[in-house]
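Notes to accompany the following structure.
Quick note on labels: first sequence line is chain A, next is B, and so on, each numbered from 1.
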Amino acid sequence: GELGERELENILWDFQISLMEADVALEIAEDIVDDLRESFMKNKSRDVVKERFKEKLEEILNKAKPERGLLELISEGDKPYVILFLGVNGTGKTTTIAKVAHYLSREGLDVVIAAGDTFRAGAIEQIEEHARRLGVKLVKHDVGADSAAVAYDAIKHAEARGKDIVLIDTAGRMQTNRNLMDELRKIARVSKPDMKVFVGDALSGNDVVDQATTFDREIGVDSIILAKMDAAKGGCAISLAYVLEKPILFLGTGQKYEDLMEFDPQLLIDLIIG
Amino acid sequence: LLGKSLSSVIRKISSTALVDERLVKEIVRDIQRALLRADVNVKLVLDLSKRIEERALKEDPPRGLSRKQHLIKIVYEEIVALVGEGKKIVPRGKPFKVLMIGIQGSGKTTSAIKLGRYYQKRGYKTGVICADTYRPGALDQLLQLGEKAGIEIYGERNESDPIKIVSHGLEKFRNFDLVLIDTAGRHKEEEGLLREMEELSKVVNPDEVMLVLDATIGQEAGKQAKAFHERAKVGSIFLSKMDGSAKGGGAISAVAETGAKVAFIGIGERIDDIEEFDPEGFVSRLLG
Ligand SMILES: Nc1nc2c(ncn2[C@@H]2O[C@H](COP(=O)(O)OP(=O)(O)OP(=O)(O)O)[C@@H](O)[C@H]2O)c(=O)[nH]1
Ligand SMILES: Nc1nc2c(ncn2[C@@H]2O[C@H](COP(=O)(O)OP(=O)(O)OP(=O)(O)O)[C@@H](O)[C@H]2O)c(=O)[nH]1
Ligand SMILES: [Mg+2]
Ligand SMILES: [Mg+2]
């Protein structure tokens, strides 16, 4: 039969709540429900409600599905292929770089890591230990050195030795911190990366949208990796896909090097609707 | 009786001619959206909205208060009740032991040093034990921060059992006033790590268990806090990264699920970027 207007509103409200409880940002959840309301106005059939919700989420998440995988992009790009990792404090950038280095090494590629966090206590030691465990070359300077200089050094090393990839780690920073965003802009200007990857924390709520849009506006974001998905519902992927429409390359699903999986929209939809 | 916290809500109420059902619904909707945007738990926000609306429409203003003033008072009371009051932690007994726990990357290590310096400046001799045996560079991070802060650090580079490290550390710091124990990050799906935390808490027998919570955390805050609380009785919360744009609404869920109070907030990466929790300031920021 057909949905009455009051019943439709209740269904849409319940759906908005389930989206928000899965960490879809408030305004995005509202926009999604507004879009759905419009489509329901055109076709009020009762028996495809759950299908329509699924289709809507698929439509949104498919905008974040990478058209080409990382390996493909690398093979089409310059050598060395330079990837700059950025994001706010504690989201999982350094650990994600280690995972990506592991993944690429296993594909037979020669990786160089630039210890670009020259600020935080223990940052260089942290990535140095990962590089040692992975058998990957690390380029580092002293604590307090210019981060752009480390990146530049790593790229020069890779060029000289015919290495395939340079992964640049950077210090976490609040997107609202003017000076730190200027510093990041300088690192990007000097290193001219082939890809700028925003690493987000899948546990974060509404702020992840402000983080990603600010980093994109100020520095530029080419793709996204969401870490700590093993702890989260993943609604942030929907928010980011809706707002940025940039590819989500990987999801981080734990603290081991293997805990990196390619972004699969279906998995996320099952988490939220299933 | 009110800070600038509810100024925009107050302004709306004050500038309207009549406190009628329409105004109340509008105010409640504004507050609802602000709290949801601030990452307060959805169910808590909906319950709060119902309570405010009911009280505003059914309660008679107490003697001396206009209907407008009464509405403002209700909104303020209900939100502050959710947030709870701060908590003053006074180290007593030798040593006063604080166990720092929380999700990966929430700010435990940085906050442990901030707390150490906060108390050491107030005359408490402080030591920090590195009980994180997983994260590469964890001990180096503490050693470097400890040197900057003038705080002694105890750690064992090649020991993989945090219980051994903590026992040795507590022995070394037995005459200190305050000992903070930094632990590895963990979340509620990691059963092995939760069990380790439980064992650690039994061995340490802490005077205070402090949950370090990232201000950017979303709707999972309550569930995560509850899981930690079931294994180690959380007594206080350190709300980190409040210097960004996140409002820290997850702290409200953590308070609701654990009965703990927010004691401190982190407002930056430097050692002095720590403040005692101020409920009014928090509410003001929550409502944007
Ligand atoms: N459970 C889980 N933990 C993760 C994941 N990714 C990273 N972590 C953990 O999160 C914590 C922070 O990771 P880091 O790699 O240091 O994060 P970061 O973004 O480099 O941090 P800063 O450089 O300080 O901004 C560490 O304890 C990691 O092991 C993940 O996918 N799942
Ligand atoms: N801006 C800002 N950054 C903070 C704050 N507290 C911690 N950080 C940063 O957040 C990141 C993570 O902090 P850590 O102290 O390493 O977090 P942790 O909980 O010990 O991480 P794990 O041990 O991996 O679980 C670092 O980059 C810190 O400098 C804060 O209040 N404000
Ligand atoms: Mg890092
Ligand atoms: Mg730590």
Side-chain angles (χ1 to χ4, degrees), chain A residues 16-27 29-30 88-95 98 119-133 143 171-177 180 200-208 210-211 214 227-228 230-233 235-236 239 254-255, chain B residues 32-43 45-46 103-110 113 134-148 184-190 193 214-221 223-224 240-241 243-250 266 268-269 271:
Chain A
Q16 182 175 336
I17 298 230
S18 65
L19 288 178
M20 292 191 301
E21 288 187 320
D23 274 322
V24 176
L26 167 68
E27 269 124 4
E30 289 177 330
V88 309
N89 305 75
T91 57
K93 296 175 293 301
T94 303
T95 309
F119 165 73
R120 205 207 67 213
I124 297 176
E125 288 82 353
Q126 181 184 9
I127 193 139
E128 192 161 28
E129 175 59 16
H130 281 307
R132 188 193 67 78
R133 290 181 194 176
V143 179
R173 69 204 66 222
M174 292 299 173
Q175 76 277 15
T176 47
N177 187 313
L180 293 184
D201 184 337
L203 280 169
S204 48
N206 283 264
D207 198 53
V208 77
D210 191 68
Q211 290 174 21
T214 305
K228 310 183 200 170
D230 45 315
K233 287 274 172 60
C236 57
S239 307
Q255 299 184 89
Chain B
Q32 208 174 59
R33 296 188 77 247
L35 294 180
L36 287 171
R37 199 181 291 112
D39 296 316
V40 180
N41 178 276
V42 174
K43 292 274 146 63
V45 173
L46 297 180
I103 297 173
Q104 286 90 347
S106 62
K108 297 173 292 300
T109 304
T110 312
I113 293 290
Y134 295 99
R135 175 168 154 154
L139 180 55
D140 295 293
Q141 186 179 9
L142 266 184
L143 288 170
Q144 290 169 21
L145 288 173
E147 180 155 340
K148 264 216 188 108
R186 68 203 76 220
H187 61 74
K188 70 176 172 50
E189 311 303 325
E190 295 166 323
L193 291 179
D214 189 327
T216 66
I217 191 167
Q219 294 292 316
E220 295 299 300
K223 292 180 222 126
Q224 293 285 349
S240 70
K241 308 181 200 173
D243 49 307
S245 50
K247 308 274 172 61
E269 290 194 80
I271 294 169

Review point. Distance from A/Lys228 atom NZ to B/Glu220 atom CD, nearest 0.5 Å?
Key: 13.5 Å

**Study point:** Residue part contacting chain A, namely of B/Leu46, when any heavy atom lies under 4.5 Å
**Key:** side chain

**Study point:** B/Glu269 and A/Arg173 ion-paired at < 4.0 Å
**Key:** no

Review point. Checking B/Arg135 against chain A: side chain, backbone, both or neither under 4.5 Å from a heavy atom?
Key: side chain

Study note, to complete from the structure: Bottom line for B/Ile103: the part with an atom under 4.5 Å from chain A's heavy atoms is side chain

Check your understanding: Is there side-chain contact between A/Leu203 and B/Asp214, with at least one heavy-atom pair below 4.5 Å?
Key -> no

Study note, to complete from the structure: Taken to the nearest 0.5 Å, the spacing of B/Gln144 CD from A/Arg120 CZ works out to 9.0 Å

Point to revise | Engaged part of B/Lys223 at the chain A interface, taking heavy atoms whose separation is under 4.5 Å | key: side chain

Review point. Which region of B/Lys241, side chain (C-beta onward) or backbone (N, CA, C, O), has a non-hydrogen atom less than 4.5 Å from a non-hydrogen atom of chain A, or is it both or neither?
Key: both

**Study point:** Which portion of A/Asn89 sits near chain B, non-hydrogen atoms under 4.5 angstrom
**Key:** both

Check your understanding: About how many Å separate CG of A/Asp207 and NZ of B/Lys247, when rounded to the nearest 0.5 Å?
Key -> 9.0 Å

Exercise for review: Could you pull out the closest heavy-atom pair between B/Leu145 and A/Ala121, with the gap in Å?
Suggested key: CG-CB, 3.7 Å

**Study point:** Point-to-point distance, once rounded to the nearest 0.5 Å, from CG of A/Asp230 to CD of B/Glu190
**Key:** 6.0 Å

**Study point:** Heavy-atom pair with the smallest gap, counting every atom of A/Asp210 and B/Ser245
**Key:** OD2-OG, 3.4 Å

Check your understanding: Is A/Glu125 close to B/Gln141 at the side-chain level, that is, under 4.5 Å between some pair of heavy atoms?
Key -> no

Point to revise | Interface moiety of B/Asn41 toward chain A, non-hydrogen atoms closer than 4.5 Å | key: neither

Point to revise | Any B/Gln104 side-chain heavy atom under 4.5 Å of A/Thr95 side chain | key: no

Point to revise | A/Arg132 side chain near B/Pro136 side chain, heavy-atom distance below 4.5 Å | key: no

**Study point:** Atom CD of B/Glu147: over 12 foreign heavy atoms under 6.0 Å
**Key:** no

Review point. Is it the backbone or the side chain of A/Glu128 that comes under 4.5 Å from a heavy atom of chain B, or both, or neither?
Key: neither

Check your understanding: Would you say the side chain of A/Met20 lies within less than 4.5 Å of the side chain of B/Gln219, judging by non-hydrogen atoms?
Key -> no

Review point. Quick one: what part of B/Leu193 sits under 4.5 Å from any heavy atom of chain A, side chain, backbone, both or neither?
Key: side chain

Check your understanding: Side chain of B/Asp140, backbone of A/Gln126: donor and acceptor closer than 3.5 Å?
Key -> no

